[in-house]
Amino acid sequence: MYRYMLLARRTDERSWILNRQGKAAFVISCQGQEAAQVGAAYNLRPGHDYVYPYYRDHGIVMTLGMTPRDELLALLGRREDPNSGGRQMPGHFSSRELNIVTASAPIGVQYPQAAGTALAFKMRGEDGVVLACGGEASTSGGDWHEAMNLAGIHDLPVVFMIENNVYAISVPEKFQVAGSIAGRAEGYGFPGVAVDGNDVLAVYEAAREAVARARRGEGPTLIEARTYRMTAHSSDDDDRRYREREEIEAWRLKDPITRFEKYLLEHGVLDEFQRDELDEEVKAEVKEASAYAENAPFADPDEGFAGVYAEV
Amino acid sequence: MYRYMLLARRTDERSWILNRQGKAAFVISCQGQEAAQVGAAYNLRPGHDYVYPYYRDHGIVMTLGMTPRDELLALLGRREDPNSGGRQMPGHFSSRELNIVTASAPIGVQYPQAAGTALAFKMRGEDGVVLACGGEASTSGGDWHEAMNLAGIHDLPVVFMIENNVYAISVPEKFQVAGSIAGRAEGYGFPGVAVDGNDVLAVYEAAREAVARARRGEGPTLIEARTYRMTAHSSDDDDRRYREREEIEAWRLKDPITRFEKYLLEHGVLDEFQRDELDEEVKAEVKEASAYAENAPFADPDEGFAGVYAEV
Amino acid sequence: AAEARTAAGGDGNGRASASAEELRLRRSSPVVRRLAAEHGVEISSISGTGTGGRVTKKDIEVFLEE
Amino acid sequence: MATKSLLQAIHDGLAEEMRADETVMVMGEDVGRAGGVFRVTQGLQEEFGEARVFDTPLAESLIVGSAIGLSVNGMRPVAEIQFADFIPPAFDQIVNEAALFYYRSNGAYNAPITIRAPYGVVPGGALFHSQSVEAYFCNTPGLKVVAPTFPADAKGALKSAIRDPNPVLFLEHKKSYRLLKGEVPDEDYAVPLDRARVHREGTDLTVISYGLMLNDVSRAAEKISVEHGIETEVVEPISLYPLDKETILRSAKKTGKTLVVSEANLEGSVSGEISALVAEHAFEWLDGPVRRIGGPNSPAAPFAKPLTDAFVPSAEKVEAAMLDLARY
Amino acid sequence: MATKSLLQAIHDGLAEEMRADETVMVMGEDVGRAGGVFRVTQGLQEEFGEARVFDTPLAESLIVGSAIGLSVNGMRPVAEIQFADFIPPAFDQIVNEAALFYYRSNGAYNAPITIRAPYGVVPGGALFHSQSVEAYFCNTPGLKVVAPTFPADAKGALKSAIRDPNPVLFLEHKKSYRLLKGEVPDEDYAVPLDRARVHREGTDLTVISYGLMLNDVSRAAEKISVEHGIETEVVEPISLYPLDKETILRSAKKTGKTLVVSEANLEGSVSGEISALVAEHAFEWLDGPVRRIGGPNSPAAPFAKPLTDAFVPSAEKVEAAMLDLARY
Ligand SMILES: Cc1ncc(C[n+]2csc(CCOP(=O)(O)OP(=O)(O)O)c2C)c(N)n1
Ligand SMILES: Cc1ncc(C[n+]2csc(CCOP(=O)(O)OP(=O)(O)O)c2C)c(N)n1
Ligand SMILES: [Mg+2]
Ligand SMILES: [Mg+2]
Ligand SMILES: [Mg+2]
């Protein structure tokens, strides 16, 4: 899991560099949320279970099997971008092979879709599970509620994970969420848990239980992973307009990767040499991926006008 | 309150007769829900507070001041129909004077609107309150959730009353609602109470407290009035397709009007003579209203093409 | 009893298989046809400066001035 | 062959597809236990069970969104929106999701869902059970919008829609459900969604129409043929989006006169696109203005009977317009 | 007079209306503290406070619905939808609620709300920050849809929209926000919403356009005047619904040749209605086909730069089409 978190982080850092170099038009970052993402996704069976990630879920898709090369091809909108052939913005993940369902920009649309995908598993009596993720602002919209209700009525095998990173662009939690997100689940008759979203093992554990429940046919779970958005909302956002640097720095002390690294070092799972070696390896992979993506061709403009309808 | 309940019931009964006579195209009935409606509305100040009723809320609008004549003019779609001049179906209440906001057919649209109306009161520091009503199925849609969330975030002076009459046309509660409606409020950080919707005093009390809370600036309340739909969904519905007569008869024993009448008689508030006299009076009013409405003119067809835009 | 077929249309306008180019030359445009009919002139008697030699509104206006 | 109403034809199309393909399922409000508020899905839950014929909560965005999700995971849902007037809550899931799934994933995903909805003015329907909603959806690449009027076309087109790997919005003119009857083949057949139907050939004018007004057009065509010797070519788009431009233009060029007839509010209706097509690509063939008849530009349709009756252009008005254009 | 960008003009219009009328308020996502993702509402919360410049939760149906409710109770909200691509969740509240409040209540209620939204293709915007959504809304009696292109018109039209007792959808071409600058009067003025703007008079052809492409049209008009002596009449609808039919037809009849230009997906776009209008009511004046230029019928607009750049018809294509029609 540590490797996946590091992979997501280093890929993300590279993305920002490419943005500052003027090569990447748009970055939307997962920094700070890697624990929540990797901890949850690690419980899934890629290609069996389904995931409906949102645009920030680089940690999730990389845990399931997307590579830095995939990510950077998408970042740079190249033809080989596995998500969309360069049609979508970065973060709009898609992979039939990995059962990552084509992501969208409108916030919240994934939840009713995830509920439907879960219902299909139930109809066939299979033990597949669906993980649907979004930010805290995605709980403000009706689509989330409608999906939660259906999931509760029919004990659907769906895990809703809300990555509450305190902000929705500039809007803080207090103007976004009434009551508590984790506390909403009870109203729909299923469990809701709040976890420290910067503690990968805590998220892993909560998700493990949720996924197991779903597989057993016991229905949905809501996980609120409380975390923090370490970068601006995206490369188009100037977060100095609405939050203080001190707040960010305070959260930096709780960086999920540093924290897990410390844990692994303390427990002898990893030593400093291995840690450095791993980081070098990851950085090398990211570097190679970047070079590949930067040199990859774009699709032809004519391709942009085609593929609107599937062949009958 | 008893009078209003009786007024609503007798008007409703007359509506069904007009429908069976082929004079009224469409009836959507409040029978069985009069206690919930009258009990709640009795707490409002007509023309000060606002109400967003749904199509079944005959008891609410009559408590606020709509008359049998108003109702039957609307039923028969006459020009003098106060709701819409005959443009809308019955049950689509509207009165500027009584602060009954023009109702619609799409389920749930009233909730965000009610939240906005409540917000205006708060902005001006006034003690006005908004009552927003709907059936249990209106809680399945996103609009309800979005309004509940806003109300909770900003402690809006809005009372959400859900008249859970067990069915949404043919769909029973178990396929409509996960968890419990009353239980949903806690997730938004404000009180939710379930009351016996056939006990007018219980509803009155719950609504009294909710309205008082809102007036004091303490925020919203959710009331789930548990009741039963005594007629088919509407005159277009054949409820034999999905429910048993026995179930209806069992609920008839709990008829809210009979029940309140019994209470009033037992407590000496009313005696049988007064009860009969009141009923005769109400029936006479309804009879006169019916004759009036049946003879009232329709709007001219050309009027139906006008009034699309307010004058600039 | 069926009335005589109307002039406009008749047995179809026999035009379905014609090309846009031919029609432009022969029939020009609604405004030109209108002006031609109003003044009793044949479109074919006017030289055209439009696409493919089409008689344009300006062409017929100039023609009528002369 | 058998004579069936539009309603029966749609019902039969659904039932047959469900028998032929176990992934086909039906979902919506009141479709299961009650068989649908119009009885279109009557008997289906008894035959196919509560999972495949499924009563959803009252939540249109959920109905379409979960249909998309079901289709991702092996099912082929036919979602019903109880009245087209209630489709707006599902608008995002239709135009931003279902319609774009294939394109945005570069072909990896598709959303083979069918969304059925009854539309059009009926007595007593008033403002929220009478609307024509097609124009909302006819500017959305990736979506197909079809509105077959007659029973045989409806049954065959519904089968095509269900089999189509793309999302299809299937509009049913509710006043036609029982009013329109026609011969329907017994055998399995599908009507392609990309071909307009020429119901009647003619040389004097082309009338393009759909919905119950198409029936008025067809009757008027017979009447003016008998009474005036005017031969109308009657064309039905079948697909409102994308339009079968070839068939429409062929007819427009053949007759030189085109009239478009529908009950939708005129300004901004799909008839505008049809007219624009003709005005640009059949210009040289035009013998007369491209005309349109549509509903008034006021909400469809006020409740009171005299007002409702005045809303949809009358058969007389249609006939008069056809004569007028033929005689232009 | 001062030169302002479209963005500044809109900002100023908002601020001025808020100073003049204390019931005017602004609401939407990120409009308050952050001043809007495009900075249109920058400084407003500082000046008018957190109640009147209000950060809503991320819920578009709520934004529009609560705006309606606020307007019922004495406020005059200007709701912002962050990107027009995100307006679909609010579709029901717009077309079934705001648009019908006045008609359905027989004039007792109205919904004097303004909904602002940025639309149109921008580099990097991709499929959900580039759409043209006007056609969704231009078949809805009771709603007004305006899309003024240039700063002076935008400021004055926004004021009219805010003062209008009807719901107005106010579309702002986002790529034009900083790109288009123009002279804006200092004094208070309002631009009526029901008049199309004739930007340039001409006799050889009429080009009707809006959005950034209108700028290309205007430049091409100058170019072909200088280079070929062709005089173009450039008309901007301002109101996309209802259309100012009088001005449009007057121009179409004057020149005999009409070209409609917009970046929206061509099929089903508002340009279809404009063409249909001309083809029917200016037919006898036509000296050439009514033509249209529009975006391709594929989603607007794919992310990769070469694909985005190919999406919006180029200035060269516009000029060529103008020449071709002028020479027809
Ligand atoms: C329906 C809709 N409205 C507005 C937006 C614009 N938008 C994109 S991300 C975002 C904030 C989302 O916040 P949150 O859900 O907390 O996720 P985070 O980015 O913080 O992880 C907004 C408003 C959108 N994408 N979709
Ligand atoms: C958005 C929407 N979808 C569907 C309908 C059709 N419809 C009208 S009433 C109704 C059932 C409503 O049930 P409930 O909210 O429980 O109210 P009740 O009629 O039982 O009092 C349905 C499905 C509608 N009016 N609006
Ligand atoms: Mg967030
Ligand atoms: Mg109910
Ligand atoms: Mg206004």
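Proteins come first, then strands; the chains are lettered A, B, ... in the order of their sequence lines, and each starts at number 1.
- For chain E, the nearby part of B:I100 is the backbone; its heavy atoms alone come within less than 4.5 Å.
- Contacts between E:L143 and chain B at a heavy-atom distance below 4.5 Å involve the backbone alone (N, CA, C, O).
- Comparing E:S71, E:P141, E:A99 by heavy-atom pairs within less than 4.5 Å of chain B, the highest count is held by E:P141.
- In this structure, chain E has no heavy atom under 4.5 Å from any part of B:A299.
- Among the residues in residues 47-57 of chain B, those with a non-hydrogen atom closer than 4.5 angstrom to a non-hydrogen atom of chain E are B:Y50, B:Y52.
- Here CG of E:L100 is found 9.0 Å from OG1 of B:T102. Values are rounded to the nearest 0.5 Å.
- Heavy atoms of B:N83 lying under 4.5 Å from chain E belong exclusively to its backbone.
- Scanning all heavy atoms of the two residues, the minimum distance from B:R87 to E:Y103 falls at NH1-O, 2.9 Å.
- Taking both residues in full, the closest heavy atoms of E:N166 and B:A310 are given as OD1-N, 2.8 Å, listed atom of the first, atom of the second, then distance.
- Atom CE in B:M123 sits 9.5 Å away from atom OG1 in E:T23 (nearest 0.5 Å).
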query: Could you go step by step and tell me if E:R104 and B:H92 meet the side-chain contact (heavy atoms from CB on, under 4.5 Å) rule?
result: CA-CA 9 Å; E:R104 80 191 193 203; B:H92 289 59; over 6 Å; no
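- When every heavy atom of E:G142 is checked against every heavy atom of B:V308, the shortest pair comes out as N-CG1, 3.3 Å.
- The two residues B:G307 and E:Y102 come nearest to each other via the heavy atoms O-CD2, 3.2 Å.
- Looking at heavy atoms from C-beta onward, B:E146 lies out of side-chain contact with E:S66 at the 4.5 angstrom threshold.
- Rounded to the nearest 0.5 angstrom, B:E80 CD and E:N106 CG are separated by 11.5 Å.
- For a residue to count as touching a neighbouring chain, one of its non-hydrogen atoms must lie under 4.5 Å from one of that chain's; by this rule B:A306 touches chain E with the backbone only.
- Comparing B:E303, B:H145, B:E311, B:R124 by heavy-atom pairs within less than 4.5 Å of chain E, the highest count is held by B:R124.
- Between chain B and the options E:M75, E:E97, E:M27, the largest number of non-hydrogen pairs under 4.5 Å is found for E:E97.
- Highest contact tally toward chain B, considering only E:G74, E:P77, E:S105, is held by E:S105 [criterion: heavy-atom pairs under 4.5 Å].
- Of the atoms belonging to E:M25, it is side-chain heavy atoms, and not backbone ones, that fall under 4.5 Å from chain B.
- In this structure, the portion of E:D92 lying under 4.5 Å from any heavy atom of chain B is its side chain and not its backbone.
- The residue among B:N99, B:V101, B:L119, B:I153 with the most heavy atom pairs within less than 4.5 Å of chain E is B:V101.
- Across all their heavy atoms, B:P112 and E:S61 have their closest contact at CB-O, 4.3 Å.
- Note that OG1 of E:T56 and NE2 of B:H154 are 8.5 Å apart. Values are rounded to the nearest 0.5 Å.
- The neighbour count for B:Y42 OH, taken as heavy atoms of other residues, nucleotides or ligands under 6.0 Å away, does not exceed 12.
- Between chain E and the residues B:R96, B:K122, B:Q110, the largest count of heavy-atom pairs under 4.5 Å involves B:R96.
- Of the listed residues (B:A105, B:A115, B:S95), the greatest number of heavy-atom pairs within a distance under 4.5 Å of chain E belongs to B:S95.
- Pairing each heavy atom of E:L70 with each of B:A120, the nearest pair is CD2-N, 3.7 Å.
- Looking at B:E97, neither its backbone nor its side chain comes within 4.5 Å of chain E, counting heavy atoms on both sides.
- Heavy-atom contacts from other residues, nucleotides or ligands closer than 6.0 Å to CD of B:E218 number more than 12.
- Residue-environment remark: CD (B:E186) stays at or below the threshold of 12 foreign heavy atoms within 6.0 Å.
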